[in-house]
Amino acid sequence: MKIIMLGAPGAGKGTQAKKIAAKYAIPHISTGDIFRANIKNNTELGQKAKTYMDKGELVPDELVVDLIMDRFKEADCANGYVLDGFPRTIPQAEALDKALSANGESVDYAVNVEVPDENIINRMSGRRACVGCGATYHIQFNPTKVEGICDACGEKLILRDDDKPETVKNRLSVYHEQTQPLIEYYSGKGVLKEVDGTQPMDDVFAAIVKILG
């Protein structure tokens, strides 16, 4: 089962992707995680990706496609995977289709988590990340026991640059311009499914499970 998660940054698609991965025992492949691992390990690829991410811009296609296709070769992808944060553009989607069809495979579902922009700006400006272990919280929906301090390791929390309102607005405009066309692309292929992402998290997941069966 090859699933693609679509939705604006902050729509909650990452959370849902993790839940899908756990339920169906397939890996959750997040380009964000792959980038962060490369950045943390200071690889050449990571350094390149970071220059784009810091500005809230998209990492170029060829960089991303190489990383992803490499990841598919690992043993845990044998029964499928759930892709989160890729593809982000029509050229990426076409590159993915081409690479998959070379192996006689194709995308089974593209699940779009639909959330209005104003909800997203409010959600993301409340997110906090731990400088020590990377755990994430939300001042409203998932606060820490002690304000500004990580429950897991006791380090301090920060508002990441890419969660600041001005960066979020930039990310949303990039999303609408470059990523939203994917909704039409996958709709044309007959694999698009839409869910209302403004509902409580468990309700969104229940709607997705109903689609996947």
Side-chain angles (χ1 to χ4, degrees), residues 1-37 58 64-65 67-117 119-120 123-124 127 136 138 141-142 171-172 175-176 178-213:
M1 192 155 56
K2 296 169 192 64
I3 304 159
I4 288 171
M5 299 302 290
L6 297 174
K13 60 183 184 296
T15 304
Q16 296 302 332
K18 287 189 183 97
K19 289 166 83 74
I20 292 167
K23 181 174 172 63
Y24 296 97
I26 54 176
H28 165 222
I29 300 177
S30 154
T31 46
D33 289 347
I34 294 174
F35 291 156
R36 276 189 282 276
L58 294 181
V64 186
V65 174
L67 274 168
I68 294 285
M69 297 316 295
D70 203 46
R71 178 69 183 83
F72 288 167
K73 293 175 189 154
E74 293 181 30
D76 61 350
C77 291
N79 295 324
Y81 39 79
V82 53
L83 272 179
D84 168 19
F86 178 89
R88 288 200 175 179
T89 60
I90 298 290
Q92 284 182 1
E94 289 170 346
L96 176 64
D97 281 346
K98 191 175 164 190
L100 286 174
S101 67
N103 298 334
E105 299 171 347
S106 63
V107 170
D108 297 305
Y109 296 100
V111 179
N112 182 35
V113 183
E114 192 59 64
V115 181
D117 283 6
N119 295 41
I120 286 171
R123 268 187 200 183
M124 290 179 80
R127 295 209 297 202
T136 52
H138 194 285
F141 306 119
N142 179 26
R171 288 173 72 190
L172 285 169
Y175 167 75
H176 289 303
Q178 300 189 320
T179 309
Q180 205 147 17
L182 287 174
I183 292 166
E184 284 168 34
Y185 179 84
Y186 285 113
S187 176
K189 292 196 168 280
V191 294
L192 183 76
K193 306 289 178 189
E194 303 213 73
V195 291
D196 175 6
T198 62
Q199 306 175 89
M201 198 163 55
D202 291 340
D203 295 353
V204 177
F205 185 57
I208 293 172
V209 169
K210 203 171 168 186
I211 290 164
L212 302 179

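The first residue of the sequence shown is numbered 1, and numbering continues consecutively from there. Owing to the predicted nature of the structure, the values given are computational and were not obtained by experimental measurement.
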**Student:** Taking salt bridge (charged side-chain N to carboxylate O under 4.0 Å, His left out) as the definition, give me every residue that meets it alongside Asp76, ordered by chain and number, with sequence neighbours left out.
**Tutor:** Arg71
**Student:** Ala93 and Tyr186: which non-hydrogen atoms are nearest, and at how many Å?
**Tutor:** CB-OH, 3.6 Å
**Student:** Counting only pairs under 3.5 Å, give me each side-chain donor-acceptor contact of residues 192-212, with atom names and distances, residues two or more places apart or in other chains.
**Tutor:**
residue : atom : partner : partner atom : Å
Glu194  : OE1  : Asn112  : ND2          : 2.6
Asp196  : OD1  : Thr198  : N            : 2.9
Asp196  : OD1  : Thr198  : OG1          : 2.6
Asp196  : OD2  : Thr198  : OG1          : 3.3
Gln199  : NE2  : Asp196  : O            : 3.0
Asp202  : OD1  : Lys19   : NZ           : 3.4

**Student:** How long is the gap from CG on Leu172 to CG on Asp117, to the nearest 0.5 Å?
**Tutor:** 4.5 Å
**Student:** Would you say that Val111 contacts Gln16 through its side chain, given a criterion of any heavy-atom pair below 4.5 Å between the two side chains?
**Tutor:**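 No, every pair of side-chain atoms sits at 4.5 Å or beyond.
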**Student:** Starting at CE of Met124, measure out to NE2 of His138 and round the result to the nearest 0.5 Å.
**Tutor:** 9.5 Å
**Student:** Supply the atom-to-atom distance Arg88 CZ to Leu182 CG, rounded to the nearest 0.5 angstrom.
**Tutor:** 10.5 Å
**Student:** Count the heavy atoms belonging to other residues, nucleotides or ligands that lie under 6.0 Å from CD of Glu184, then report whether that count exceeds 12.
**Tutor:**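 Counting other residues, nucleotides and ligands, CD of Glu184 stays at 12 neighbours or fewer.
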**Student:** Nearest 0.5 angstrom please: Tyr185 OH to Thr89 OG1, how far?
**Tutor:**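 Spacing of OH (Tyr185) from OG1 (Thr89) equals 10.5 Å.
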**Student:** Table please: side-chain donor-acceptor pairs of residues 100-110 below 3.5 Å, with sequence neighbours left out.
**Tutor:**
residue : atom : partner : partner atom : Å
Ser101  : OG   : Asp97   : O            : 3.1
Ser101  : OG   : Lys98   : O            : 3.2
Asp108  : OD2  : Lys2    : N            : 2.7

**Student:** Apply side chain to side chain contact (heavy atoms under 4.5 Å, CB included) to the pair Arg127 and Thr136, showing each step before the final yes or no.
**Tutor:** CA-CA 7 Å; Arg127 295 209 297 202; Thr136 52; 6.0 Å; no
**Student:** Output the distance between atom CG (Asp84) and atom CD1 (Ile3), rounded to the nearest 0.5 Å.
**Tutor:**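 Asp84 atom CG to Ile3 atom CD1 measures 12.0 Å (nearest 0.5 Å).
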**Student:** Under the criterion side chain to side chain contact (heavy atoms under 4.5 Å, CB included), I'd like the reasoning laid out for Phe72 against Ile29: C-alpha separation, chi angles, the key distance, then a yes or no.
**Tutor:** CA-CA 9 Å; Phe72 288 167; Ile29 300 177; 3.9 Å; yes
**Student:** Might you point out which heavy atoms bring Ile26 and Gly80 nearest each other, and give the distance in Å?
**Tutor:** CB-O, 3.7 Å
**Student:** Check whether any side-chain heavy atom of Phe35 sits under 4.5 Å from a side-chain heavy atom of Leu67, and report yes or no.
**Tutor:**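 The answer is yes; the side chains approach within 4.5 Å.
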**Student:** Drop me the distance from Thr31's OG1 to Phe86's CZ, to the nearest 0.5 angstrom.
**Tutor:** 8.0 Å
**Student:** Just do the side chain to side chain contact (heavy atoms under 4.5 Å, CB included) check on Val191 and Ile4 with the steps written out, would you?
**Tutor:** CA-CA 10 Å; Val191 294; Ile4 288 171; over 6 Å; no
**Student:** Treating Arg123 as the side-chain partner and Ala11 as the backbone partner, does any N or O pair qualify as donor plus acceptor under 3.5 Å?
**Tutor:** yes
**Student:** Kindly give the heavy-atom pair with the smallest separation between Ala8 and Lys13, and that separation in Å.
**Tutor:**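 Heavy atoms only, the tightest pair is O-NZ, 3.4 Å.
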**Student:** Would a 4.5 Å heavy-atom cut-off, applied to side chains only, mark Ile68 and Leu83 as touching?
**Tutor:**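 Ile68 vs Leu83: side chains touch.
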**Student:** Kindly give the heavy-atom pair with the smallest separation between Ala21 and Pro27, and that separation in Å.
**Tutor:** CB-C, 4.2 Å
